[in-house]
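The structure appears below as structure tokens.
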Amino acid sequence: MCRAAWYNGRVMGDDPAEQPDVVVVRFLAFMEAEKNASPRTLEAYRRSLGQFRGWMGERFAAWEDCATGDFRAWLYEALEQELKPATIRLRFAALRSFYLYLMRREGLASNPLETLALPKARHSLPVHLNISQMEELLALPLNTPVDKKSPAWLPLRDAAILELFYSCGMRLSELVSLNEDALQADADCVRVLGKGRKVRLIPVGDYAREAIERYRELAGLEPRGPLFISRLRRRMTGRSIQLMLDKYLRISSIPFHISPHKLRHTFATHMLDAGADLRSVQELLGHASLSTTQIYTHVTKARLKEAYLKAHPRADWNQGE
């Protein structure tokens, strides 16, 4: 049974007393089986469709009866509430995917969202660590006192996790899903399962490979079991890795909070700063679109501008403003 069946009874909202929307259930099953949508995407789409139907209330008769004006009114209300453009665009991405499905699979004649204009997405520059900050973070696990009750392999595990993040720029979900055999002793690449269940190979640097081997040898991992385990020898979760990172951030000199995803930003920025081409970084990150990767070029350009303004004796540019 596919995961979409779990949404049965919840697609109209979070009240289990509500009747299931069978069209939405079929759409979510389609997204999972044919589009390889992740559980997070399925949940976001379910929520967005349920929010719109809940907002319509008694005015809702059927999805095919909803008009452009209904969606425009919902959009205006979201703008009045000053919701973030990214939040609004996520809501309507779900609706647009849903109505494309209705046209192609359910016989809907026209798409009421086709002419609806959405607010432009605001692209903020990704936060990242500089090289000295990254080196400080990488050194902390092996230079921090360990609780006597903790297993001896724990700091080696933490060092391996941080080294692997920085070496490969993989997503948190990709890292926690790695198994013990993902990286063999004589291999120079790690095999990861990315978004849309797409497999890619990422080169692994010597520092990360050696850190993993030291940890793996001392931890005595189960063959084909999880690569990164908790104190209880269970697969680590994304939450436990964030808590581990927070522990080291508290004793570091890094002046801002970062998430594991910021280590991915750091990897991409440092690669481009060192001269890597954009297409290669796109492949390493597993981005489907080059435009997603291009945001990192803005970081590099901003740093070049800052360096120019500081260094050139006749570069005023109104003090960089």
Side-chain angles (χ1 to χ4, degrees), residues 3 6-7 31-32 36-47 84 86-87 90 124 126-129 133-134 137-138 140-141 144 150-151 153-183 190-202 204 208 211-212 215-216 219 221-222 224-252 254 256-269 284-288 292 295-296:
R3 284 195 306 270
W6 175 79
Y7 293 96
M31 289 297 297
E32 180 191 19
N36 290 325
S38 68
R40 288 183 62 182
T41 298
L42 294 173
E43 174 61 20
Y45 279 19
R46 178 202 68 81
R47 187 185 305 111
K84 294 180 180 179
T87 300
L90 178 60
S124 57
V127 175
H128 65 281
L129 302 179
Q133 289 169 335
M134 192 67 231
L137 182 62
L138 292 172
L140 281 173
T144 302
S150 298
W153 49 261
L154 200 67
L156 296 177
R157 180 205 66 186
D158 296 350
I161 289 173
L162 295 178
E163 288 283 2
L164 193 59
F165 266 132
Y166 186 48
S167 181
C168 298
M170 64 178 62
R171 299 178 179 92
L172 176 60
S173 59
E174 294 169 347
L175 185 135
V176 299
S177 66
L178 291 176
N179 286 333
E180 185 272 341
D181 57 351
L183 180 66
V190 62
R191 181 177 180 272
V192 301
L193 185 65
K195 282 188 174 181
R197 300 176 192 171
K198 294 179 180 178
V199 176
R200 71 184 189 281
L201 293 175
I202 310 176
V204 181
I212 290 171
Y215 152 67
R216 186 155 52 183
L221 302 178
E222 292 291 331
R224 294 179 294 279
L227 177 58
F228 295 115
I229 58 175
S230 67
R231 296 167 188 252
L232 300 178
R233 307 192 68 82
R234 297 170 183 164
R235 184 182 299 274
M236 291 187 75
T237 64
R239 175 63 177 162
S240 60
I241 290 180
Q242 177 66 69
L243 291 173
M244 178 271 290
L245 180 57
D246 289 345
K247 177 182 71 174
Y248 294 118
L249 287 172
R250 284 194 295 269
I251 58 176
S252 76
I254 298 169
F256 50 85
H257 183 267
I258 63 168
S259 64
H261 198 71
K262 299 299 187 297
L263 300 181
R264 179 171 160 87
H265 293 330
T266 300
F267 161 84
T269 303
L284 291 170
L285 292 174
H287 285 162
T292 308
I295 189 171
Y296 297 108

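Excluded from the calculations below are hydrogen atoms, water molecules and symmetry mates; all remaining heavy atoms, backbone and side chain alike, are included. Owing to the predicted nature of the structure, the values given are computational and were not obtained by experimental measurement. Residue numbers start at 1 and run along the sequence shown.
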- Task: Begin from the C-alpha positions of Leu263 and Leu137 and carry the test side chain to side chain contact (heavy atoms under 4.5 Å, CB included) through to its verdict.
- Result: CA-CA 10 Å; Leu263 300 181; Leu137 182 62; 3.9 Å; yes
- Message: Using the rule given for side chain to side chain contact (heavy atoms under 4.5 Å, CB included), can you reason through Leu42 versus Met31, listing the C-alpha separation, both sets of side-chain angles and the distance that settles it, and then say yes or no?
- Response: CA-CA 7 Å; Leu42 294 173; Met31 289 297 297; 3.9 Å; yes
- Task: Please step through side chain to side chain contact (heavy atoms under 4.5 Å, CB included) for the pair His265 and Val127, ending with a clear verdict.
- Result: CA-CA 7 Å; His265 293 330; Val127 175; 5.6 Å; no
- Are Arg46 and Glu43 close enough, and set up right, to give a salt bridge (charged side-chain N to carboxylate O under 4.0 Å, His left out), and what steps lead you there? CA-CA 5 Å; Arg46 178 202 68 81; Glu43 174 61 20; 2.7 Å; yes
- Let me see the working for Asp158 and Thr144 under side chain to side chain contact (heavy atoms under 4.5 Å, CB included), right down to the final yes or no. CA-CA 11 Å; Asp158 296 350; Thr144 302; over 6 Å; no
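Listed here is the closest heavy atom pair of Arg157 and Phe228: CG-CD2, 4.0 Å. Closest non-hydrogen pair, Pro141 versus Leu162, comes out as CG-CD1, 3.7 Å. Smallest separation of non-hydrogen atoms from Pro151 and Pro155: O-CD, 4.1 Å.
For Lys195, the NZ atom counts as loosely surrounded, since its 6.0 Å shell holds 12 or fewer non-hydrogen atoms of other residues, nucleotides or ligands. Other residues, nucleotides and ligands contribute over 12 non-hydrogen atoms within 6.0 Å of the CZ atom of Arg233. Applying the 6.0 Å contact sphere to NZ of Lys247 captures more than 12 heavy atoms from other residues, nucleotides or ligands. Within a 6.0 Å sphere centred on CZ of Arg200, other residues, nucleotides and ligands contribute more than 12 heavy atoms.
You'll find the side chain of Glu180 stays beyond 4.5 Å of the side chain of Pro226, heavy atoms only. At a threshold of 4.5 Å between non-hydrogen side-chain atoms, the residues Arg264 and Phe165 do not count as touching. A 4.5 Å side-chain heavy-atom check between Ser167 and Glu163 finds every atom pair outside the cut-off. Between Met170 and Leu284 the shortest side-chain heavy-atom distance does not fall below 4.5 Å. Looking only at side-chain heavy atoms (C-beta outward), Leu129 and Phe267 stay at 4.5 Å or farther from each other. A heavy-atom distance below 4.5 Å is found between the side chains of Val190 and Cys168. Using a 4.5 Å heavy-atom cutoff, the side chains of Leu249 and His257 are in contact. Side-chain contact between Val192 and Val199 is absent, with no heavy atoms from C-beta onward closer than 4.5 Å.
Of the inter-residue distances, the one linking Leu164 atom CG with Tyr215 atom OH reads 11.5 Å to the nearest 0.5 angstrom. Note that the CH2 atom of Trp153 and the CD1 atom of Ile229 stand 4.0 Å from one another [nearest 0.5 Å]. The CG atom of Asp246 lies 12.0 Å from the CD1 atom of Ile251; values are rounded to the nearest 0.5 Å. To the nearest 0.5 Å, atoms CG (Leu183) and CD1 (Ile212) are separated by 5.0 Å. Summarising the geometry, atom CG belonging to Leu245 is positioned 10.0 Å from atom CG belonging to Leu140; distances are rounded to the nearest 0.5 Å. The distance from the CG atom of Leu178 to the CE atom of Met236 is 12.5 Å, given to the nearest 0.5 Å.
Side chain to side chain, Thr266 and Thr269 fail the donor-acceptor criterion of an N or O pair below 3.5 Å. Counting only N and O atoms by type, the side chains of Glu32 and Asn36 include no donor and acceptor under 3.5 Å apart. The closest side-chain donor-acceptor pair between Asn179 and Arg235 falls under 3.5 angstrom.
Checked by atom type and distance alone, the side chain of Ser177 pairs as donor or acceptor with a backbone atom of Ser173 at under 3.5 Å. Judged by distance alone, the side chain of Arg171 and the main-chain N or O of Gly194 form no donor-acceptor pair under 3.5 Å.
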